[in-house]
Amino acid sequence: MQDFIKFLEYHGELKIIDTPLDIELEIPHLAYLEVKKEDSKALLFTHPIYKKQSFHTLSQYDTNQQIIQKNHIQAHTTTHTHNKQNSMRNAFLHCHNDEKYNEITENFTIPVLMNVFGSHRRLTLIATRYNTNTSFHSLESIAHNIKNLTNPSISKGFKAKIQKIRELWLLRNIFPKKYKGTAPCQARVFQNDDIDLFALPILKTWEEDGGRFITMGQVYTQSLNGESQNVGMYRLQVKSKNELIMHWQIHKDGAHFFHEYKKTKKLMPVSIAIGGDPLYTWCGQAPLPPKIFELMLYGLIRGKRAKLTPCISNRLNVPYDSDIVIEGYVDTNYFAPEGKFGDHTGFYTPIELYPVMKVHAITTKQNPIYLATVVGKPPLEDKYMGYMTERLFLPLLQTSAHGLIDYAMPENGVFHNLILAKVQTNYPAQSLQMMHTFFGIGQMSFVKHAIFLDNDAPDLHNNYSVLTHYILDRISTKQLYSTKGICDALDHASESFAISGKLGIDASGVCLDFDFLPIDSMTLLQKMQTIAKEIQSLHIYQHKNPLVICGITKWDKTILSYAEKFHKEFHKYASFFIFVDSHEDLENYYMLIWRIVNSIDVARDLKIIESSAFLDATSKGILEGYDREWPKDTLCTQSTLHTLRDRGLLENIDSKLIKKFGIL
């Protein structure tokens, strides 16, 4: 990681922040804003601190946890000079008690690195230029190589045969090997009473988060019989100085292994590696098939085998050059409340019970770096990590999805909520065949809404305005197909947990003829208000097949209960009517798409009456039969932004950017 930081500096991709900043809100907020800038850089915070004021002024995210943590800090503040020299608190954290201001300041010696993946340029540099033995020069060249490996046939001719041999020769690097000697990640070892997770600069991102969360940990697990290994990327909440709460979702390999251990009533070994080669972290979120170890992909991309070292307290192996390794075991019968957490959907996920990991050892490099990320409303780092996944996994997806030309996951669709696909249309219903493939294969099966276009469609990745018009030219209610299936466990709009309606839109046909009557937004608003006074605002997305977007305030009826009347009176003006909460900006299309695809379950929220389609994308409650708490979306804390601005740290952050991305 030290070498990687020099690499980023050399390429002009790093900004160093020496100003002391709090690990709670200040550091995460600055990183959150940085990645939304067109010229964003990776950020290295050299002076992370934790400033705790008098108890009555604390934010109330978890009172019990605050009391425990306060007592813990104060005890260490008064006794740290008597602790063993090897304690984590002495090694990585210094406390200062300022009686004048009645506050305790912790100064961490471990820097925090963020926004590593936060641009297309850095993404390409990481994959093709940093610490690599391969000849890859772009993501496309890596994808091309993967595509060739999926094709077992060999073309005629001597040169073609030699090229195939070269491609197959790269496979020699996919199997990790054991690192010989004492690994750098074990230069410092902390066990027993010396373990202290609070000595690490673990961040709290959002005001209502339930505590501090590790957000870029590589979580290493293996099957009960030891034959299958996995590295995933799951969030982990700090519960105490030696406990973490594991948020692995029901569909992930880590959770599958968990059930194996639970059946036999055995403790499950888990190790979390932080830092090292950044490609390890990307591999942790790669959607490989079950029982395929993700670091095999690392070896293929890097052109060299990953080197692993045995953990000191369990039977797992982790990359030798990790900066920090947290080792331990999960008791499959021990659960604790986890959350709230402002997640990658841009909404808080609720407090739920998840397994607890008891930490048995923490090892680090001599001078470790703490790697972290921020998740919340797009665009964020996961936009770019997802783009690399999208590009590299296209060839593998094409082997199962016959006729797939290309696909794209717009970041404001937060990946599983919206996907665009370009397909061949060589025979009738080929796009429908692709829809069923998408909704039933691997992690693609979590997708809720998919739009299918033909091979003549514009590029899926650049001009969304052109793409939108191309789609609207070709769709009516007859091109909408709904079904039901699995969805992401983080989805809050679904009527039933992890099960949701799914919508396929077939825009692969010819241009349609439309004969809607012209009307302006104000006139249509007044007409619609005669039926439903709930409608407070209205905007028409102008096209020969227009979209009508309405902002509503709920009264005593669902907006879809007016659908019959709306169709009868207004089908002559448009086919598609979308309803959102009245406070939404109806002309901020970027955030509207994010809000709409996050907030619907088409099994409940879509009503089609002949030529008219009505979509309820409002927040749900008792009126709609929604019996859970509708989550808040993630918003920056205004006082924190004021503090950062007063310190001169909010460069190029203006009201336009704040409004565009729904920051406040």
Side-chain angles (χ1 to χ4, degrees), residues 401-405 407 413 417-440 447-458 460 464 466-485 500-519 524 528 540-550 559-579 593 596-597 600-617:
H402 176 67
L404 177 64
I405 299 170
Y407 75 113
N417 279 337
L418 179 64
I419 192 166
L420 310 173
K422 187 182 291 191
V423 300
Q424 294 284 356
T425 51
N426 297 325
Y427 48 80
Q430 189 168 1
S431 58
L432 298 185
Q433 181 188 42
M434 190 68 66
M435 179 186 79
H436 290 292
T437 300
F438 272 28
F439 289 159
V447 170
K448 289 176 62 178
H449 315 108
I451 304 175
F452 300 96
L453 303 94
D454 57 32
N455 57 339
D456 293 327
L460 300 181
Y464 284 120
V466 172
L467 200 59
T468 299
H469 283 250
Y470 186 91
I471 293 167
L472 289 175
D473 280 342
R474 288 160 174 79
I475 62 170
S476 68
T477 56
K478 293 180 180 180
Q479 281 74 44
L480 307 184
Y481 301 90
S482 62
T483 183
K484 205 166 187 177
S500 176
K502 293 173 176 284
L503 179 66
I505 301 177
D506 184 6
S508 65
V510 298
C511 288
L512 303 177
D513 293 325
F514 303 100
D515 57 355
F516 295 115
L517 297 178
I519 192 170
L524 184 56
M528 293 190 75
I540 300 175
Y541 182 86
Q542 295 296 339
H543 184 267
K544 60 184 178 180
N545 182 18
L547 295 174
V548 177
I549 308 165
C550 303
I559 195 66
L560 294 185
S561 65
Y562 298 106
E564 292 277 1
K565 292 182 179 179
F566 286 157
H567 167 69
K568 182 179 179 181
E569 297 295 329
F570 308 123
H571 71 276
K572 53 185 175 251
Y573 301 119
S575 285
F576 298 103
F577 297 79
I578 302 170
F579 303 96
I593 290 174
I596 290 166
V597 298
I600 59 174
D601 178 344
V602 293
R604 176 194 59 220
D605 299 326
L606 175 64
K607 193 163 187 177
I608 298 175
I609 302 174
E610 298 178 9
S611 63
S612 301
F614 304 94
L615 189 65
D616 180 3

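When reading the values below, keep in mind they use all heavy atoms of this one structure, side chains included, and skip hydrogens, waters and symmetry mates. Bear in mind the structure is a predicted one, so any value in this text is a computation, not a measurement.
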Minimum heavy-atom distance between Val602 and Ser482, given as atom pair plus value: CG2-CB, 4.5 Å
Residues in side-chain hydrogen bond (donor to acceptor under 3.5 Å, both in side chains) contact with Asn545, at least two apart in sequence or another chain: none
Whether Phe577 and Phe570 hold their rings parallel, tilted or perpendicular, with breakpoints at 30° and 60°: tilted
Straight-line distance of Leu615 CG to Ile596 CD1, nearest 0.5 Å: 7.0 Å
Residue Asp513 excluded, over 12 heavy atoms near CG under 6.0 Å: no
Side-chain heavy atoms of Tyr464 within contact of Leu420, under 4.5 Å: yes
Ile559 CD1 to Asp605 CG distance, which is reported to the nearest 0.5 Å: 12.5 Å
CA sep, side-chain torsions, deciding dist, call: Ile578, Tyr541, side chain to side chain contact (heavy atoms under 4.5 Å, CB included): CA-CA 11 Å; Ile578 302 170; Tyr541 182 86; over 6 Å; no
Charged N-O contact under 4.0 Å between Asp473 and Lys544: yes
Derivation and outcome, side chain to side chain contact (heavy atoms under 4.5 Å, CB included), residues Ile419 and Phe438: CA-CA 10 Å; Ile419 192 166; Phe438 272 28; 3.9 Å; yes
Over all atoms of both residues, closest heavy-atom pair of Ala574 and Ser612: O-OG, 4.4 Å
Atom pair CG/OH of Leu503 and Tyr481 - distance to nearest 0.5 Å: 11.0 Å
Student check: side-chain heavy atoms of Thr477 and Ile609 closer than 4.5 Å: no
Side chains of Ser500 and Lys484 in contact at under 4.5 Å (non-hydrogen atoms): no
Distance in Å, Gln433 CD paired with Leu404 CG, rounded so as to fall on 0.5 Å steps: 11.5 Å
Taking every non-hydrogen atom, the tightest pair across Ile475 and Asp506: CG2-O, 3.8 Å
Mutual orientation of the aromatic rings belonging to Phe566 and Phe579 [parallel < 30°, tilted 30-60°, perpendicular > 60°]: parallel
Residues Leu472, Leu547; criterion side chain to side chain contact (heavy atoms under 4.5 Å, CB included); working and verdict: CA-CA 9 Å; Leu472 289 175; Leu547 295 174; 4.1 Å; yes
Donor on one side chain, acceptor on other, Thr425 and Asp454, under 3.5 Å: no
Heavy-atom pair of closest approach, residues His571 and Lys568: ND1-O, 3.4 Å
His402 side chain near Gln424 side chain, heavy-atom distance below 4.5 Å: no
Donor-acceptor under 3.5 Å (Thr483 side chain, Lys502 main chain): no
Gap between atom NE2 of His543 and atom CZ of Phe516 - 0.5 Å precision: 10.5 Å
pair Leu453-Leu467: side-chain heavy atoms closer than 4.5 Å: yes
For His436, all residues meeting ring pair (Phe, Tyr, Trp, His ring centres under 6.0 Å), sequence neighbours excluded: none
Exercise: do Glu610 and His567 side chains pair donor with acceptor under 3.5 Å: yes
Separation between CD1 of Ile471 and CD1 of Ile505, rounded to the nearest 0.5 Å: 7.5 Å
Exercise: identify the closest heavy-atom pair between Lys607 and Ala563: CD-CB, 3.8 Å
His449 (side chain) donor-acceptor with Leu418 (main chain) under 3.5 angstrom: no
Closest approach of Gly403 to Met434 (non-hydrogen atoms, all atoms of both residues): C-CE, 3.7 Å
More than 12 heavy atoms of other groups within 6.0 Å of Lys478 NZ: no
